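Okay, so here's the structure we're looking at.
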Amino acid sequence: MNSIKSKGRAGSVFYLLFRNLFFLSLVLPLFFLLLFSFTERYAWPELFPKSFSLRSFKSILFQRKALFQDTLFSMVFSLLVSLCTVLVAFCTAKYQNEEGLKGKGILAFLVNFPIMIPATVFAMGAQILFLKVKILNPFLTVFLAHVLYALPYAVSFLQEGMSRKMKLYEEQGRVMGAVGGRLFWKISLPLLYPYIFPAFMMSYILSMSQYILTLILGGGKVKSLSLIMVPYIQSGERNLASAYGLIFLCSSFLLFFLLDFLEKGIQRERG
């Protein structure tokens, strides 16, 4: 009995330790991100900075309007990438979920290929491919590369939703007279909402945080948030880099809450 109690206590202590460490791993980076974004000077050997200002946010919002515009462009660009990725992922997952179709193994390999190789290798291969097929517009090449890179994650989410249970609901809908677009809007799409939203969110985060693909394929003409932020990190301007990191974080949280609100509204309408 004593050995069982001691094991139970050790397990509870380990659980509390793991939980607290996990909590700190989430809170501490956010704390330092907030701290550095308002820090004007952080000289050694000060434990905490003593000089604070709003220079970084004023610089982004008022003094450097081009940077603010590039940030808005990056958000809109990533939203469009996410929308296109989810549409392509839906068609891909639908094909892979159908029975009796050939080439599903090859298609699954091609879809997951971008995450099997380093991002630099994928970017160079995509650049060569786009040059051969005469796609020279930097915005279009970056857009297509972001879609291809986020596609495996979106397909995995949607494939999880397209289970056998969904097929049974679709068959029941056909029996009751729902066909074509009505079957899709009334049965298939509502069942996939809990999987479409995380696929959309994941695609948005991947597109916003993608640096190598945007740098190589965009040639400096496509100004994404990560492309703006990295030079400030390398030059040691922690406050501006942290401010852009906060903008990225806030935009992701805002999109998450909007999608969560939309999903709850849809579920409320359905009863």
Side-chain angles (χ1 to χ4, degrees), residues 12-79 81-82 115 118-120 123 146 149-150 153 197-198 200-216 218 220 222-261:
S12 62
V13 170
F14 178 77
Y15 169 74
L16 288 173
L17 179 63
F18 178 80
R19 187 184 66 179
N20 292 332
L21 287 175
F22 180 75
F23 178 75
L24 287 175
S25 68
L26 294 177
V27 173
L28 283 179
L30 181 60
F31 170 75
F32 283 110
L33 193 66
L34 284 167
L35 181 67
F36 287 143
S37 63
F38 294 102
T39 300
E40 184 63 31
R41 189 174 66 256
Y42 192 3
W44 190 89
E46 295 175 355
L47 184 59
F48 288 99
K50 297 179 180 179
S51 178
F52 297 94
S53 73
L54 295 172
R55 183 180 68 87
S56 58
F57 292 99
K58 289 180 180 178
S59 177
I60 294 172
L61 294 174
F62 303 111
Q63 297 176 6
R64 307 183 187 185
K65 293 183 178 179
L67 295 180
F68 181 65
Q69 293 172 359
D70 290 338
T71 303
L72 289 179
F73 165 78
S74 182
M75 293 178 184
V76 174
F77 185 83
S78 297
L79 286 172
V81 167
S82 304
I115 60 176
T120 308
H146 282 202
Y149 201 78
Y153 303 94
F197 291 150
F200 190 93
M201 192 71 203
M202 189 70 181
S203 302
Y204 176 82
I205 292 173
L206 285 171
S207 178
M208 281 282 284
S209 59
Q210 191 54 243
Y211 177 73
I212 295 295
L213 290 180
T214 310
L215 179 66
I216 294 177
V222 182
K223 298 291 184 67
S224 67
L225 190 60
S226 59
L227 210 63
I228 299 169
M229 186 169 56
V230 168
Y232 290 114
I233 298 173
Q234 293 175 341
S235 63
E237 293 192 53
R238 292 194 191 96
N239 51 359
L240 277 168
S242 300
Y244 277 111
L246 279 177
I247 291 173
F248 171 71
L249 194 63
C250 290
S251 68
S252 301
F253 275 128
L254 179 62
L255 181 62
F256 173 79
F257 287 124
L258 286 175
L259 291 176
D260 185 63
F261 178 77

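Below, all heavy atoms of this structure are taken into account, side chains as well, without hydrogens, waters or symmetry copies. If you read the sequence from its start, that first residue is 1, and numbering goes on from there. Every value quoted in this text rests on a predicted model; they were computed, and no experiment measured them.
Looking only at distances, a side-chain donor or acceptor of Ser226 sits under 3.5 Å from a matching main-chain atom of Gln210. When atom types are taken as modelled, the side chain of Asp260 and the backbone of Phe256 share no donor-acceptor pair closer than 3.5 angstrom.
Between the side chains of His146 and Ser203, no donor-acceptor pair is found at a separation under 3.5 Å.
Taking CG from Leu30 and CG from Leu35, the interatomic distance works out to 11.0 Å, rounded to the nearest 0.5 Å. Note that CG of Leu72 is 10.5 Å distant from CG of Leu225, once rounded to the nearest 0.5 Å. One distance of note links OG of Ser207 with OH of Tyr149; it measures 12.0 Å at 0.5 Å rounding. In this structure, Phe253 CZ and Leu246 CG are separated by 10.5 Å, a value rounded to the nearest 0.5 Å. For the atom pair CZ (Phe38) and CG (Leu33), the distance works out to 10.0 Å, reported to the nearest 0.5 Å. From Ile205, atom CD1 reaches atom CG of Leu255 across 8.0 Å, with rounding to the nearest 0.5 Å.
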Run Asn239 and Phe36 through side chain to side chain contact (heavy atoms under 4.5 Å, CB included) and show every step you take. CA-CA 5 Å; Asn239 51 359; Phe36 287 143; over 6 Å; no
Please step through side chain to side chain contact (heavy atoms under 4.5 Å, CB included) for the pair Met75 and Ile247, ending with a clear verdict. CA-CA 10 Å; Met75 293 178 184; Ile247 291 173; 3.4 Å; yes
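The only option from Ser251, Ser82, Ser209 that meets the side-chain hydrogen bond (donor to acceptor under 3.5 Å, both in side chains) definition with Tyr204 turns out to be Ser251.
Contact between Leu213 and Ala119 at its shortest, heavy atoms only, is CD2-O, 4.1 Å. Contact record, Leu259 with Phe200: CD1-CD2, 3.9 Å, taken as the closest heavy-atom pair. Contact detail for Phe73 and Lys223: the closest heavy-atom pair is CD2-O, 3.6 Å.
Using cut-offs of 30° and 60° for the angle between ring planes, the Phe18 and Phe14 rings count as parallel.
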